[in-house]
Colleague: 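This is the structure I have questions about; it appears just below.
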Amino acid sequence: MSRRRLLLYALPATLLLSGCSNPPEHRGFESVQAKVSTLIDKDVEWRDPDDSTTLASFDARTQELLKTELTPDAAVQIALLNNRTLQATYEDLGIASADLMEAGIIKNPGFSMYARIPDAASSTLNTQFSIAMNFIDILLLPLRKKVEGMRFEAAKARVTMAVLELVSDVRMNYYKLQGETARLKLRKTALEAAQAGSEFAEKLGKAGNMSELTVIPRVALFHQATLDVAKTELELISLREKMNRLMGLSADRKWTIAAELPALPEKETLPAADTLEAIAVAQRVDLDVQRQDVAIIDKARAMHHWGVYTAVEPGANTEKEPDRVRVTGPQLNLDIPIFNRGQADRARFRAQLRQAQDKLEALEQTVRSEVREEYAHILAARNAVEYYRDSILPLRLRALSLTSEHYNAMTVGPLDLLSAKQDQISSQLEQTEALRDYWIHRTELEHALGGKLPGAAPAPIFTPPPAPAASVKE
């Protein structure tokens, strides 16, 4: 029998069916796009650094979105186009796709050769050739492909989860930035009032018409207001830089946002908390990932029942004896499970399965708790905004108006007028913070749900109520 025929007989026919094509680089990304579109109605694109046309298209879309004031949706879209960390996460699909492809390829056969030099001059060289394949590897091929297919689905879910995390981070940072912008404007107004009160109190003190005990708090209030403005300006810088990082923009890309927070939705009917819990449990992607982890470990455990037979290698062997006679026959390499019978692997998989099941149960409890917590926060924040809008601020504005009238009638002093103005500004600051918290907790509730809040609708821009002038006449 020739060596060529030996090789042909030894290689199983299944080797021809294993395939040798390369995996598509963007395999599975269409599923991510469809899932994201269903949950948050946004476009996600995979940047190809070697495709100049695509990169130019991304840059043109970014430039177009930056031409006008950024909305939360525009900021999210820019981040989805440019955030490099997210783009790096997409490559997990390529890695998982390659693993899936490899799982469907039969391992290469083993080939060995021996050559022995006889000590007798009349004898010929003794040669031996053998080829063998792992039979267990072929037997486990379908199950191995099944496990890697499940891991590939889990990779798609993790990529989707990364998209949703980024969307939530951008929206929350956007509302924080808007809130700080509005607070800075009010703090500067408070600083002007505090400065006027400080200067007026110092004049009265120098003239002997006000005690030092009364002057000092006014001056300290001015310095505190100055520090508050500086702190808010620094916070704005931090929030803008974080927004640049999230959107993947360099410092030379200029952008602006609306200076005022959106107003509360006029008519908002939130589903009950238990309804939102059910929605979250049904659509949270991280729960899907954990469920898949449980299934993967369970399936892998079944595959490793064969782990004790790691080497069952049938094959063929041919040897040319020194007397020029060639002998050919079958060969079998077999591991004998005497000491290691897979008991450690079985124990490990049982522990891993219980661990994954416990994690799934804990995550579901966490998801439900997060929904209830954010539901309570959003209701409380909405009530606070409405309370300031309908009760506290009207009273503050009325008090300021009456104080202004009394000041014009010379029945109260300028410091009383400034105090009324500062009280009104303080209430406006608290209302702005409550409105900011409403939108942040609304975003966190959507993140806890794993998608849009049912019945969500865009809201008009919040406009603070006009305040009467509080100028101090010297």
Colleague: Do Q424 and Q428 pair up side chain to side chain, a donor and an acceptor below 3.5 Å, judged on atom types alone?
Modeller: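 A pair is found: one side chain offers a donor N or O, the other an acceptor, under 3.5 Å apart.
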
Colleague: Give me the atom names and distance for the closest heavy-atom approach of K156 to S31.
Modeller: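 Taking every non-hydrogen atom into account, NZ-OG, 3.4 Å.
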
Colleague: Determine yes or no for a side-chain-to-main-chain donor-acceptor pair under 3.5 angstrom, with T411 supplying the side chain and Y407 the backbone.
Modeller: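 Pair absent, no side-chain N/O of T411 close to backbone of Y407.
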
Colleague: Under 3.5 Å, is there a donor-acceptor pair between the side chain of S419 and the main chain of L415?
Modeller: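 Pair found, side chain donor or acceptor close to backbone of L415.
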
Colleague: Main chain of G451, side chain of E446: is a donor-acceptor contact present, judged purely on distance under 3.5 Å?
Modeller: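 A pair under 3.5 Å: no.
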
Colleague: Main chain of I78, side chain of N82: is a donor-acceptor contact present, judged purely on distance under 3.5 Å?
Modeller: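 Confirmed, N82 side chain pairs with I78 backbone.
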
Colleague: Supply the atom-to-atom distance K299 NZ to M150 CE, rounded to the nearest 0.5 angstrom.
Modeller: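 Answer for the NZ-CE pair, K299 versus M150, is 6.5 Å.
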
Colleague: Enter the distance from K107:NZ to E102:CD here, rounded to the nearest 0.5 Å.
Modeller: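 Nearest 0.5 Å value for the NZ-CD distance: 8.5 Å.
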
Colleague: Establish, from distance only, whether the side-chain atoms of W46 and E91 form a donor-acceptor pair under 3.5 Å.
Modeller: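 Yes, a side-chain donor-acceptor pair sits under 3.5 Å.
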
Colleague: Among residues two or more places apart or on two chains, list those pairs meeting salt bridge (Lys or Arg N to Asp or Glu O under 4.0 Å) that have a residue in residues 161-179.
Modeller: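 Counting only pairs at least two positions apart or across chains, the salt bridge (Lys or Arg N to Asp or Glu O under 4.0 Å) contacts touching residues 161-179 are D73-R171.
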
Colleague: Please check if the side chain of S426 supplies one atom and the backbone of Q422 the other of a donor-acceptor pair under 3.5 Å.
Modeller: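 No, S426 side chain to Q422 backbone: no donor-acceptor pair under 3.5 Å.
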
Colleague: Using the side-chain hydrogen bond (donor to acceptor under 3.5 Å, both in side chains) rule, collect all pairs that involve residues 284-296, keeping only residues at least two apart or in two chains.
Modeller: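 Those involving residues 284-296 are R158-D293, R284-D286, R284-E370, D288-R291.
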
Colleague: Distance-only, no hydrogens or angles: does the T226 side chain make a donor-acceptor pair with backbone N or O of F222 under 3.5 Å?
Modeller: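 Indeed, once roles are kept as given, a pair shorter than 3.5 Å links the two residues.
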
Colleague: Can you tell me how far apart CZ (R47) and OG (S57) are? Round to the nearest 0.5 Å.
Modeller: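 Between R47 CZ and S57 OG, I get 10.0 Å after rounding to 0.5 Å.
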
Colleague: Out of curiosity, L261 CG to E180 CD, how far, rounded to the nearest 0.5 Å?
Modeller: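 Those atoms lie 10.0 Å apart.
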
Colleague: Looking only at the side chains, is there a donor atom on one of S37 and D43 sitting less than 3.5 Å from an acceptor on the other?
Modeller: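 Not at all, the side chains of S37 and D43 share no donor-acceptor pair under 3.5 Å.
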
Colleague: Does E148 pair with R151 as a salt bridge, N-O distance under 4.0 Å?
Modeller: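 Between R151 and E148 there is a salt bridge, with a charged N closer than 4.0 Å to a carboxylate O.
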
Colleague: Looking just at side-chain N and O atoms, do T403 and R398 make a donor-acceptor pair shorter than 3.5 Å?
Modeller: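 No, because no side-chain N or O of T403 sits under 3.5 Å from a partner of the opposite role on R398.
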
Colleague: With the threshold set at 4.0 Å, does a side-chain nitrogen-carboxylate oxygen contact exist between E192 and K188?
Modeller: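 Between K188 and E192 there is no salt bridge, as every charged N stays at least 4.0 Å from the carboxylate O atoms.
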
Colleague: Got a second to check how far I216's CD1 is from M210's CE, nearest 0.5 Å?
Modeller: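 It comes to 12.0 Å.
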
Colleague: Hey, mind stepping through S401 and S404 against side chain to side chain donor-acceptor pair (under 3.5 Å) and telling me if it holds?
Modeller: CA-CA 5 Å; S401 178; S404 181; over 6 Å; no

Colleague: Counting distance only, does the side-chain N/O of Q33 pair as donor-acceptor with the main-chain N or O of V44 below 3.5 Å?
Modeller: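 Yes, because the side chain of Q33 sits within donor-acceptor range (under 3.5 Å) of the backbone of V44.
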
Colleague: Between the side chain of N83 and the main-chain N/O of A79, is any donor-acceptor distance below 3.5 Å?
Modeller: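 Answer holds: no.
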
Colleague: Could you tell me whether the side chains of H377 and E374 share a donor-acceptor contact shorter than 3.5 Å?
Modeller: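 Judged by distance alone, the side chains do not pair up.
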
Colleague: Between the side chains of K67 and E64, is the shortest nitrogen-to-carboxylate-oxygen separation below 4.0 Å, so that they form an ion pair?
Modeller: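 Salt bridge present between E64 and K67.
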
Colleague: Would you mind listing every side-chain hydrogen bond (donor to acceptor under 3.5 Å, both in side chains) that reaches into residues 232-252, with sequence neighbours excluded?
Modeller: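 Found R187-T232, N244-W255, S250-D252.
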
Colleague: Can you tell me if K146 has over 12 outside heavy atoms packed within less than 6.0 Å of its NZ?
Modeller: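 No - once you tally the heavy atoms of other residues, nucleotides and ligands closer than 6.0 Å, there are 12 at most.
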
